[in-house]
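Working notes for the structure below.
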Amino acid sequence: MRFSKMLIPTLRQTPADAEAISHILMLRAGYIRQLAAGLYIYLPLSLRVTRRIHKILREEMNAIGAQEIALPALHPAEVWQETGRWYEIGDEMFRLKDRTGRDMCLGMTHEEIMTWLAVREIRSYRDLPQVWYQIQTKLRDEARPKSGLLRTREFLMKDSYSFDADEEGLERNYQLHAEAYHRIFSRCGLKFHMVQSDPGMMGGATSHEFMAPSPAGEDVVVLCDSCGYAANVELALSNPKKIEIMDWEFGEVHTPEKRTVQEVSNFLKLKPEYFIKSLLVISDDGPVLALVRGDQELHEKKLGRIIGKHRPALKEEVKDILGVEAGFIGPMNHDIRLVADSCLQEGVYVSGANKQHYHARGIKPGRDFTAELHDITLAKEGDLCAKCDSPIKIERVIEIGNIFKLGKKYSVPLKAFYLDEKGEEKPIIMGSYGIGPARIASAAIEQNNDRDGIIWPRSIAPFDVEILPLNMTDAKTLETAENLYRDLTAKGLDVLLDDRDERAGVKFKDADLIGIPTQVIIGEKNLREGIVEIKDRKTKEIVKVKVAEVIERMKVEAAQ
RNA sequence: CGGGGCGUAGCGCAGUCCGGCUAGCGCACCUGCUUUGGGAGCAGGGAGUCGGAGGUUCAAAUCCUCUCGCCCCGACCA
C-alpha cells in the first residue's frame with residue numbers, strides 16, 4: 001500500500017479532549033476519528049489492526065471447535081422479556097420501536113438470541129455439545145464513555161456461547177476457552193492476567209476476566225506472586241497486615257472536635273491500624289453498623305453480599321439511631337446488627353466512645369462488643385494473601401476478555417431443552433465468552449509506546465514493514481523503493497511505502513508515530529554504496545544491509 | 001445521574017472578568033521561489049453562523065436566561 005493513496009491523517013498537535021495514551025496516539029497517528037461521545041470512525045490503519053486481531057480470534061476459536069455464525073444487532077423485545085433482562089436493564093439498553101409499534105432493542109450482548117437459536121436447533125443429546133461464536137457489533141448506552149476505544153457505546157465483540165448436556169461438558173468448554181484466550185492474548189503481544197471475577201448480573205457461579213495491566217484501566221486486581229492467587233478487587237479476599245496487640249486498659253480519652261480516624265490518629269499519635277472505624281448503613285432490614293480497621297476501606301459490594309442492599313446513613317439518622325454524632329461512634333453497647341471485618345477478631349483498639357468529643361481506648365472485640373465476622377474490606381497493597389499469607393500486589397488493568405459459566409440461567413426461561421439418552425427433557429448447560437478487539441488494540445498501545453508514538457506488536461501491526469524513500473526526486477532511491485516494495489509484497493509481507501513527496505523529517509516522525517515495527521530507510525548516500533537501513537521501531541536499532549539482503553533479513557525479523 | 005472543566009478557522013489556543021473600530025496568533029491548507037537524513041525558509045493567499053436560541057444594550061465572542069455538545073472525577077457498567 002502506498003502512503004499517498006491511503007487516508008492517514010496524522011496530527012502534529014495532541015487533540016484537546018484526549019487523555020488516555022492510546023486515545024491520543026490513535027488520534028494523532030490517524031487511526032480513528034470521533035463522531036460523538038463513545039462513537040468512533042475506524043480509519044484504514046485501525047481497520048487493518050482490527051482485521052489482524054479478528055484473524056487471530058477466528059483461528060483460535062475455530063481451533064477449539066467453535067463455529068462462526070452471525071446474529072442480528074437489532075432484536076425484538078420479546079426474547080429479552082422472557083429472560084427478564086428487558087426489565088432488569090435500565091438506560092444502558094438502546095430501545096426503539098419499529099413502524100408497527102413493536103418494541104425492539106439494540107443488542108448489548110447476545111445470550112438471548114444465541115439461546116433462541118439453540119431452542120430451535122438443539123433437540124437431542126446427540127446435538128451436543130455446540131460452540132457458536134460471532135464477531136458482532138454491540139450497542140450500549142454507556143453512562144460515561146471514556147478513554148477513546150476503551151469504553152465506547154458501539155463496539156465489536158467476539159462472543160461465543162457453549163451448549164452442553166451437563167456441568168462436565170461446560171467445564172470442558174470453559175477450560176478450552178480459557179486456554180484459547182491465553183493463546184489469543186499472547187499472540188496479540190499483550191501482558192495479561194486471568195483473574196477470578198464477579199459474575200454480576202450475567203448470572204452463574206464462576207467467571208474469570210482477562211486483564212491487561214495499564215494505568216489507563218478501569219479495573220483493579222489483586223495478585224499474589226507466591227501462590228498465584230489472582231482476583232478482581234470486586235471480590236478479592238485478603239488479610240490486612242498483622243498488628244501488635246496493645247495492653248491498654250479500657251478507658252475514655254478526651255478528643256475534642258477530632259472526628260475522622262486521621263484526626264484522632266494524629267491527635268493521639270497512634271497509627272490508624274489501631275482504630276476501629278464504625279460506619280452506619282441502612283439496609284432493607286434496618287440499620288447495620290459496619291466495623292473496619294482504621295487503615296482499611298469498607299468494600300460496599302462485599303458488605304452487600306452479607307446484608308443485601310444498603311446505603312450510608314444520613315447524619316441525622318446516625319444521631320437518631322446511635323444517639324451520638326458520626327465522628328464519635330464506637331462498636332460498644334448497641335442493639336443493632338454489627339458486621340466487623342475478620343481482622344478485628346483479635347487486637348485491642350481505639351474507637352468512638354459513643355459520647356460527644358470522646359474516644360475509647362482499650363476496646364477488645366468479644367469482650368466490649370460482639371459482631372459477625374466477614375471479609376468486608378477492600379484489598380490493598382500491603383495486605384496479605386488470603387490463601388498463602390504472602391504480601392499481595394495491586395494492579396490497575398484493562399478488561400480485555402471474560403468467560404462465564406452461565407449454567408441454566410438462559411436455557412430455562414427460554415426453554416432450551418434437550419432429550420437425554422433416557423428420553424428425559426433437560427435444560428442445556430451454557431457458557432458465554434467475550435473478547436473486545438478494540439480493547440486489545442488499545443491495551444497493546446497502552447503497553448507499547450514511547451514519546452515518539454505507537455510500537456505495535458508484530459502480530460497486530462497494520463503493516464509489517466514501512467519503506468521510507470527519503471528523497472523522492474532521486475531516481476535511484478525511487479527505483480530501489482519500488483523494487484523492495486514489490487519484492488517484499490511478493491514474499492507475503494504487508495508493506496507500506498511512504499511515497500509522499502515529503503521531507504525526511506516528516507517521514508521519520510510519521511513512521512514512528514504510526515508504529516509499524518520495521519522501517520526500511522532508503523537514503524541517497526547509503527544507496528551509493530548499495531546499502532539501505534533497517535530500523536527496529538521498538539529498540540531503535542539500525543542495521544545497514546545490502547539492498548539484495550533486505551528480503552532475507554526481513555524474513556528473520558518477521559519470524560521473531 | 002452528582003461534581004468540575006471546556007466550546008472562537010481543519011488542529012492547538014488568545015481575546016470573555018471590565019461590552020466598543022475590520023475577531024487575532026501558531027500549525028495545517030493553496031500559489032510561487034529556495035530547500036531536502038528527524039515535523040524547512042521567505043513572499044503571497046483562502047478559510048469563522050465566536051456551539052445554538054432568546055434577552056439586555058446605541059453596540060454582545062464578551063452581560064443575563066435557557067439549551068445542546070465534548071472532556072475529566074464519582075455513581076453505574078449485563
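Note that the coordinates shown come from a computational prediction; the quantities given were computed from them, not determined experimentally. In what follows, chains carry the letters A, B, and so on, assigned in the order in which the sequence lines appear, proteins first and then strands, with residues in each chain numbered from 1.
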Enumerate the protein-to-nucleotides 2-11 of chain B contacts in which both atoms are nitrogen or oxygen and the separation is below 3.5 Å.
from: B/C11; atom 1: O2; to: A/Q13; atom 2: OE1; distance (Å): 3.0

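Contact annotation for A/R311: no contact, since no heavy-atom pair falls under 4.0 Å across all strands. Note on A/E218: nothing from the nucleic acid sits closer than 4.0 angstrom, heavy atoms only. Residue A/D510 is classed as a base contact, given a heavy-atom separation below 4.0 Å to a base. Counting any heavy atom pair closer than 4.0 Å across all strands shown, A/A18 reaches no nucleic acid atom. At a threshold of 4.0 angstrom between heavy atoms, the contacts of A/K138 with the nucleic acid are absent. Within the 4.0 angstrom heavy-atom criterion, no nucleotide atom of any strand lies near A/T83.
Summarising the base pairing, B/A23 is matched to no nucleotide, lacking a Watson-Crick or G-U wobble pair whose two defining distances lie under 3.5 Å. Across every strand in view, B/A40 sits in a pair with B/U34 that passes the Watson-Crick or G-U test at under 3.5 angstrom. Base pairing analysis places B/G7 opposite B/C68; the two distances defining the Watson-Crick or G-U wobble pair are each below 3.5 Å. Using N1 to N3 plus N6-O4 or O6-N4 for Watson-Crick, or N1-O2 and O6-N3 for G-U wobble, each under 3.5 Å, B/A61 pairs with nothing. Nucleotide B/A75 forms no Watson-Crick or G-U wobble pair with any nucleotide shown, as no partner meets the under 3.5 Å limit on both distances. B/A28 is unpaired under the Watson-Crick or G-U wobble criterion, no partner having all donor-acceptor distances under 3.5 Å.
Between A/V220 and A/I394 there is a side-chain heavy-atom pair separated by less than 4.5 Å. For the pair A/L27/A/L25, no side-chain contact is recorded, criterion being any heavy-atom separation below 4.5 Å from C-beta on. Counting only heavy atoms from C-beta outward, the side chains of A/T83 and A/V79 never approach each other to under 4.5 Å. At a threshold of 4.5 Å between non-hydrogen side-chain atoms, the residues A/I400 and A/M211 do not count as touching. Annotation: side chain of A/L106 is in contact with side chain of A/L96 (closest heavy-atom distance under 4.5 Å).
Across the P atoms, B/G26 and B/U22 are found 22 Å apart, a figure rounded to whole Å.
For A/N483, the side-chain hydrogen bond (donor to acceptor under 3.5 Å, both in side chains) partners are A/R486, not counting sequence neighbours.
Among B/G38, B/C76, B/C70, the nucleotide with an atom closest to any side-chain atom of A/K535 is B/G38. Of the listed nucleotides (B/C70, B/C72, B/G39), B/C72 has the atom at the smallest distance from the side chain of A/K146.
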Produce a footprint string for nucleotides 28-37 of chain B: one letter per nucleotide, 5' end first; B if the base is under 4.0 Å from any protein heavy atom, S if only the sugar-phosphate is, - if neither. S------B-B

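Between A/R95 and A/D103, no side-chain nitrogen of the basic residue sits less than 4.0 Å from a carboxylate oxygen of the acidic one, so the salt-bridge criterion is not met.
Seen from the ring of A/F155, A/K138 does not count as a face-on cation partner, given the 6.0 Å and 45° thresholds.
Counting only N and O atoms by type, the side chains of A/S160 and A/H177 include a donor and acceptor under 3.5 Å apart.
Residues A/R28 and A/L35 both approach RNA chain B. Their nearest nucleotides, taken by heavy-atom distance, put A/R28 toward the 5′ side.
Taking a 6.0 Å sphere around NZ of A/K544, one finds it holds 12 or fewer heavy atoms contributed by other residues, nucleotides or ligands.
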